[in-house]
Structures are given as C-alpha cells and as structure tokens.
Amino acid sequence: MSDYSSSNGNSKNEQLDEFRVSDAGQPMTTNQGRQVSNDERILTAGERGPGVLENVHFFEKMTSFGHETVPPRRLHARGYGAHGEFECYQSMKQFTKAGFLQEAGKKTPLFVRFSTVQGNKGSKDTARDLRCLGVKMYTEEGNIDLTTIDFPVLINQDPMKFPDLIHAYQPEPRTGMPQAAGAHDNFWDYVANNPESLHMTLWVMSDRGVLRSYRMMESWSVNTYLFVNEEGVKTFVRYVWKPVLGSHSLLMDEAQKIGGIDPDFHRRDLRDAIDQGAYAEYELGVQLISEEDQFNYDFDILDSTKFWPEELIPVQMIGKMTLNRNVENDFAENEQVAFNPANVVPGIGFSNDPVLQGRLIAYQPTQYHRLGGKNFQHLPINRPICPFHNNQQEGYMNYEIDADQTNYHQNSLLNNTPYTTPPEQGGYEHYPSQVSGHLTRERPEKFDDHFTQPRIFWNSLTAIERQHMIEALNFQIGSVKSESVRQQAVDLLVNVDKNMAATVADNVGVSRPSGTHVSVSTSYPSLSQTGTPKYAFSLKVGVLIGDGFNANEVTRTLQTLKEYGVFVVIVSDTLGTVTGDDGTTLKVDKTFLTTNPYLLDSLYIIGGQSKVQDKFNDEVNEYVNVAYKHYKPIGVASTGQSYLAASGTNNSAGVVYTGNNADFGLDFVRAIKQQRFWDRT
C-alpha cells in the first residue's frame, strides 16, 4: 500500500515547477541555442531583392508558428480549467480501498476542465448546451479521471449510437451551421426518432441548459461505477458534484445576448473569481446501492438515461473540491489535458453500464489522434505525481531516455523488473464478477421505459421553470425548417405532458398531438433548482454613478457589499474617477460601453452629474430597464430614485430604496442573495 502521507494538495504544483520556463530577461535564441541578432527582417538579395534560401531563422520561426495548433477536440472543444485540491471529509474504507478516500482531511491535488459539447473553440460559453466537468485527481496510486456532466442523465443508452447522436447534434454538414446550437432540423429529427434521447433533451431545455457560472454548476457521473473494499465487496456508485454556491442559471434572453457581448463569460467569471480569492468549491456526493439491492427500483441502475432519485438513494457528502489556482498557459494546460474514464485506482471499478463500457475504449485512441501519439500521457499536465514504470517505449515525441537493457516482461537480466504488484499490496485488480449468457444485443425491459422519468422531471419543476422550458422548446423546435420534424417533435413531447406539447405545437405552427402523457404523478424536489443554496457572495453588482453623489451614503453601502463578498463594479460614462459631495473619489472600473447590464447580477443606482447629462441618463435608464425585466435585484440610492420611482402599476419586488432605511445595505445584500424576483410586475 502506498504511503498516503507522501503527498498533499500542492504536490502537483510542485511537480509542475520542473517544467515551468520563463524567457524574461533572457537573450533570444533559436531552438538550438544560437543567439539571434535580428528577428524583424528576412534576408534578401539586395534592398529590394527576393528572399534567399539562407533564411534559416525565418524558416524555423514560421514553421513553428504553422505547427502550433493541434486538432481540436471532436467534442468539448470549447473549455476552460483550473487547478485545485480535493479534501476527504470522512473515511470511506467501508466501501472502497481507494487511497484518497481512506482518511478524513486527506488532500489530493487535481486539475479540472469545464466545457460545452456542440460548439467549436471559437463558439460562445453561454450556448444552451450540455456541459461537462473533467476532474483529474493526482493520487499516490495513480491518476483518477472523473468525468461528469451537468445533468443526471445522458442522451443515449448504448455507445453504438453515440456517433449518430453527435453527427445529428453538431452543425449540419452541408452548411456548417448552426454553431453551438441544437436548434436545427438534424438534431430534432434525431430526438423525434430516438425517444431515449428525449429525457436529456428536456434537461438541456430546462434552466440548467443555460447556467450562470461554472462555479454554480451541479454535475453528475451519469454512468454507474463500482466501489470495492478490502474484503472484495462491491457497491454500485454514482457521483455528483454539488456547488457550494448553489446551482443557478441565466434566462434564455440573457444567455443569447451575453454570447455576443462576451463569448468568454463563463471562463472569465471563473478566472476572475479565483484571482479575487473567491475560490470555486464543490462538495463530492456519492449515491450507493448494494449488490443485493440493484433490482429494487423501477428503473435499471445501469441505464445512463435514468437518474437515481436522491429521495430514494440519498447523496452522502464525502469531500470537497476547491479550485484555487488559475492556469498559467492555456495551451499547455487546458488544451493538452486529456481525460479517460478508464483511469481509476484500486478500490474503484466499472459496472456493466453499456455506455460506460463503450467509453472505456473510446477515449485513448481519440487522444492519440488529437495529441499526436501515445506519449501524451507524459505531458506535464497529464503526468501522475506517483512514479510510473512499464515497458512501453518510443513513439512520437518520446523525450525520456530509457537506460535499461530489457524492455519486456518476464526477464532475468533485471530480475524481472518492472515487476507486477499483488492486489493485497496495492496492485489494481478488476472486480471478479461472474459473467455468463449468450452473446446478444438485447437490453433489460426497463431500458425501454423512455417517458416515466421525463414526466417525473416535468412534475418536479416549478411553474416558472416549466414556462422557461416551454420558451426554450418554442425557440428550438420553432427554428426547425421541416414541418414534418416539428410535428414529430411535439408528438413525442405529448408523452411527457399534454398541455405542454399542445402549447409548443401552437407556437411552432403544427397540429396539436393526439394522446396524452404517461400516468405518473411522482415528483422529486431535488430535480428543481428552487431549493438550491443562495448567496450574495461573489455576485456582481454594477454601481451606476456620476459626480456629486452622497459620499457618506454610498461609501457605507459599498463597504457593506464588500463585507459580504459582493463583487462591485463602478460604472460611469467615462473612465477615471467620480467625485462625491464631500470630495470623496471612486475609481471607475467600466464605462456604460465597456460593460453591459446583461453581464451584471444586480444594480446599485446612484446617478449623478455628467458633462453629457442626457446621454448619461439614457444609459442609466437602459441598464435599469434590462435589469428590471430580468427580475434582478436593484438598489436605489437617495440620488437615484428618479430612474426607478415606485408606481401603482409596478410592485417593485426586489427593488430596495434607501429612503430613511438605516439597514439599506443589509436589505440590498439580502435582495442580491435572492437573485431573482419572479413575482415582479
């Protein structure tokens, strides 16, 4: 067994020190170390003559530039990552012998990458899409790659169909459009003719399809793994990451607008938060089912298109992941990191989940293609922190010098090293499950129930969440050109809810479907975002301000906001400073032009004087109108009431006025924490 005290949460960072380089203060050289005297002009035959073959430095520089890129990921091309650590809450040795889960307080370094699925590298972060979270844990026993998605269900039950799904989901092959959107004929034709895909599609159409922040993203393993303890007893397990800040979403209109205003919205949010010390935190939960209980449910626990209800199979929190360090080089870390669900350690195994079985053989050859060969595993970001030894050798870009005489197993010249390790001493052993039966492509009958759980999901949503899903379906199916496909899509939706399908049919110009939804009344609160934790911490407040503000009032409010960890952005018509009534100055962070109301979680309206007063007032009014119609919290200073005066036609829910309120700052923080006021009129 490994010495678990030999590493800590900083071990990977210490390992990466060996590979960090800096050119600061150094003379320029070629890759061979020859110092360069001119890096601006090529050699020519005369002042106005042609270039010559002797331009060797230019040839090296331009050739290197032309080969800087690697093939983008076929999926998940758009992504961003960060470093962090995982801390175990309690020993899980009752269920698994995995070393990183053996003792409370044990810290393990890790790297994560968040990503969308459909779009290319240049697409937008806020697309309505499935999002993935890959976590690479660098344990003493080897790397663990835990790959999760932001829904508890997957879109296909069998890996054989995965290429078809992605072909249908990604841009239409004749046009290459649309980018980062499933709102097209091919995708909805696939959904309509593959009913197992409906469940996850509805999750994409829910608010979770347009998340507010990677820091507020809940994600599930979807696939069923095994925990195996020292006695060889197996337990079925699914993982879920629960964001400490809760699971929160954008509105569809916000997501679409932000995609154009700031395509890097999610990655910028993650990086800025870490830079400001607001580290992203997620608790790791596990759902456990004993081997003898695996058939006790009305769904098959190996079916990746079915969730495990938390109300039936409780989530046990076993640790916390903290993302506390940003990447130093996007290519070396975000682009070159490579995940594979087959990367596990002793104590973690694989169930007969068909999709998982397919994934175990799909990732490795994909990385060979993308990163140029088998030695991608030696790249710094992918290296384990524990030693690794085997007889695998050579290949493209092999930069290790193997000095041993032998390169084969079972030898006498090196006393049969590297040697295998018995399971009782830490060697990995596949769980010795009994397998029997005829070769078949059949699946259990429970796999064929495609509508019960989607109906439960619909039942579990609030009225607001249902309305948002209908709006998403109206947009997506309404973007389909084929009337036949639109009709087939709503004919499928009727199995989930008759009224919902009829409403969508009316909006997309097809006939209301016949039939009705499955007779299921079950609902689970855990499927709705309503009960998620809410905090004002790290939410962004735009302070709309000009000169002449009430310095005492504003300074006091800003201090309260900062005490509660609210990110404050001072916004005015020009950069520089604004000056209060007593000479107090505030530095302007953004202008009305360089930020946008869609990028802010709430507003603090102060107003003030400007050299171009009418334009200033118009800008403030525009910000207020956008925030108000998106149900965001708004704080109004004594000098800002003319921009949002109370009236008999509006109930002003979520609008906090200063007035004579000595607790204005705290009341505003409470409103920011609430985030949305759906009853606003």
Decide salt bridge (Lys or Arg N to Asp or Glu O under 4.0 Å) for Lys615 and Asp618; before the verdict, give the C-alpha distance in whole Å, the side-chain angles of both, and the deciding distance to 0.1 Å. CA-CA 5 Å; Lys615 183 171 175 56; Asp618 287 344; over 6 Å; no
Tell me whether the count of non-hydrogen atoms from other residues, nucleotides or ligands lying under 6.0 Å of [atom1] in [X] goes above 12.
| X | atom1 | result |
| --- | --- | --- |
| Asp23 | CG | no |
| Tyr631 | OH | no |
| Phe677 | CZ | yes |
| Met28 | CE | no |
| Asn660 | CG | no |

Can you list every salt bridge (Lys or Arg N to Asp or Glu O under 4.0 Å) pair that touches residues 541-567, not counting sequence neighbours?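 Qualifying pairs, neighbours excluded: none.
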So which pairs with a foot in residues 254-263 pass salt bridge (Lys or Arg N to Asp or Glu O under 4.0 Å), sequence neighbours left out?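 Those involving residues 254-263 are Asp253-Lys257, Glu254-Lys632, Glu254-Arg676, Asp262-Arg268.
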Working to the nearest 0.5 Å, report the span between [atom1] of [X] and [atom2] of [Y].
| X | Y | atom1 | atom2 | answer |
| --- | --- | --- | --- | --- |
| Leu110 | Phe86 | CG | CZ | 9.0 Å |
| Asn474 | Met469 | CG | CE | 12.0 Å |
| Tyr564 | Leu539 | OH | CG | 14.5 Å |

Are Asp601 and Arg212 close enough for a salt bridge, meaning some N to O gap below 4.0 Å?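 Between Arg212 and Asp601 there is a salt bridge, with a charged N closer than 4.0 Å to a carboxylate O.
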Pair Glu218 + Arg208, salt bridge at N-O below 4.0 Å: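 Arg208 and Glu218: salt-bridged.
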Taking the six-membered ring for Trp, are Trp220 and Tyr239 closer than 6.0 Å centroid to centroid?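 Centroid distance Trp220-Tyr239: not below 6.0 Å, so no.
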Check for me whether the distance between the ring centres of Tyr80 and Phe114 falls short of 6.0 Å.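 For Tyr80 and Phe114, the ring centres are not under 6.0 Å apart.
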Nearest non-hydrogen partners of [X] and [Y], listed with the distance:
| X | Y | answer |
| --- | --- | --- |
| Tyr169 | Gly182 | CE1-CA, 3.7 Å |
| Gly659 | Gln641 | N-NE2, 4.2 Å |
| Gly654 | Ala671 | O-CB, 4.4 Å |
| Ile634 | Ala627 | CD1-CB, 4.1 Å |
| Asp679 | Ala653 | OD1-CB, 3.5 Å |
| Phe339 | Asp145 | CA-OD2, 3.3 Å |

Polar side-chain atom of Ser22 near backbone of Ala24 as donor-acceptor pair, under 3.5 Å: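 Pair found, side chain donor or acceptor close to backbone of Ala24.
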Give a yes or no answer on whether the side chain of Thr658 reaches the backbone of Val636 with a donor-acceptor pair at less than 3.5 Å.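 Side chain of Thr658 to backbone of Val636: a pair is present.
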Relative to the ring of His468, is the ring of Trp678 parallel (under 30°), tilted (30 to 60°) or perpendicular (over 60°)?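 Perpendicular, since the angle between the ring planes exceeds 60°.
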Measure up the Tyr214 and His266 rings against each other and bin them: parallel (under 30°), tilted (30 to 60°), perpendicular (over 60°).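 The arrangement is tilted - the two ring planes meet at 30° to 60°.
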Taking C-beta and beyond as the side chain, do [X] and [Y] meet within less than 4.5 Å on heavy atoms?
| X | Y | value |
| --- | --- | --- |
| Trp241 | Leu146 | yes |
| Thr69 | Phe331 | no |
| Asn120 | Pro72 | no |
| Phe537 | Val566 | no |
| Lys320 | Thr322 | yes |
| Cys132 | His76 | yes |
| Asn382 | Val337 | yes |
| Leu558 | Val554 | yes |

Among all residues two or more places apart in sequence or in another chain, which pass the salt bridge (charged side-chain N to carboxylate O under 4.0 Å, His left out) test with Asp150?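 Asp150: no salt bridge (charged side-chain N to carboxylate O under 4.0 Å, His left out) contacts found.
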Evaluate side chain to side chain contact (heavy atoms under 4.5 Å, CB included) for Val571 paired with Asp589, printing each intermediate quantity in order. CA-CA 6 Å; Val571 183; Asp589 301 307; over 6 Å; no
Sole residue of Lys107, Arg325, Lys106, Lys12 in salt bridge (Lys or Arg N to Asp or Glu O under 4.0 Å) with Glu85: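 When Lys107, Arg325, Lys106, Lys12 are each tested with Glu85, the salt bridge (Lys or Arg N to Asp or Glu O under 4.0 Å) holds only for Lys107.
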Taking side-chain contact (heavy atoms from CB on, under 4.5 Å) as the definition, give me every residue that meets it alongside Asp573, ordered by chain and number, with sequence neighbours left out.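 With neighbours one apart ignored, the set is Phe592, Ser610, Phe616.
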Which residues satisfy the side-chain contact (heavy atoms from CB on, under 4.5 Å) test with Asp667, sequence neighbours excluded?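 Here the qualifying residues are Val656, Asn661, Asp663, Arg670.
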Distance under 6.0 Å and angle within 45° of ring axis: Lys136 vs Phe111: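 Lys136 over Phe111 ring: no.
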Think Lys124 forms a cation-pi with Phe265, using NZ or CZ under 6.0 Å from the six-ring centre and within 45 degrees of its axis?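 No, Lys124 does not sit over the ring of Phe265.
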Under the salt bridge (Lys or Arg N to Asp or Glu O under 4.0 Å) rule, what do Glu310 and Lys242 come out as? Steps first, then yes or no, please. CA-CA 13 Å; Glu310 295 183 11; Lys242 300 275 190 179; 2.6 Å; yes
Determine which pairs satisfy side-chain hydrogen bond (donor to acceptor under 3.5 Å, both in side chains) with at least one residue from residues 527-542, sequence neighbours left out, and list them in order.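 side-chain hydrogen bond (donor to acceptor under 3.5 Å, both in side chains) check on residues 527-542 returns Arg215-Ser538, Ser247-Gln529, Ser249-Gln529, Glu465-Ser528, Ser528-Thr530.
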Evaluation steps, salt bridge (Lys or Arg N to Asp or Glu O under 4.0 Å), between Lys121 and Glu335: CA-CA 10 Å; Lys121 283 186 65 177; Glu335 194 63 26; 3.6 Å; yes
Evaluate salt bridge (Lys or Arg N to Asp or Glu O under 4.0 Å) for Asp264 paired with Arg78, printing each intermediate quantity in order. CA-CA 10 Å; Asp264 302 314; Arg78 177 94 181 158; 2.6 Å; yes
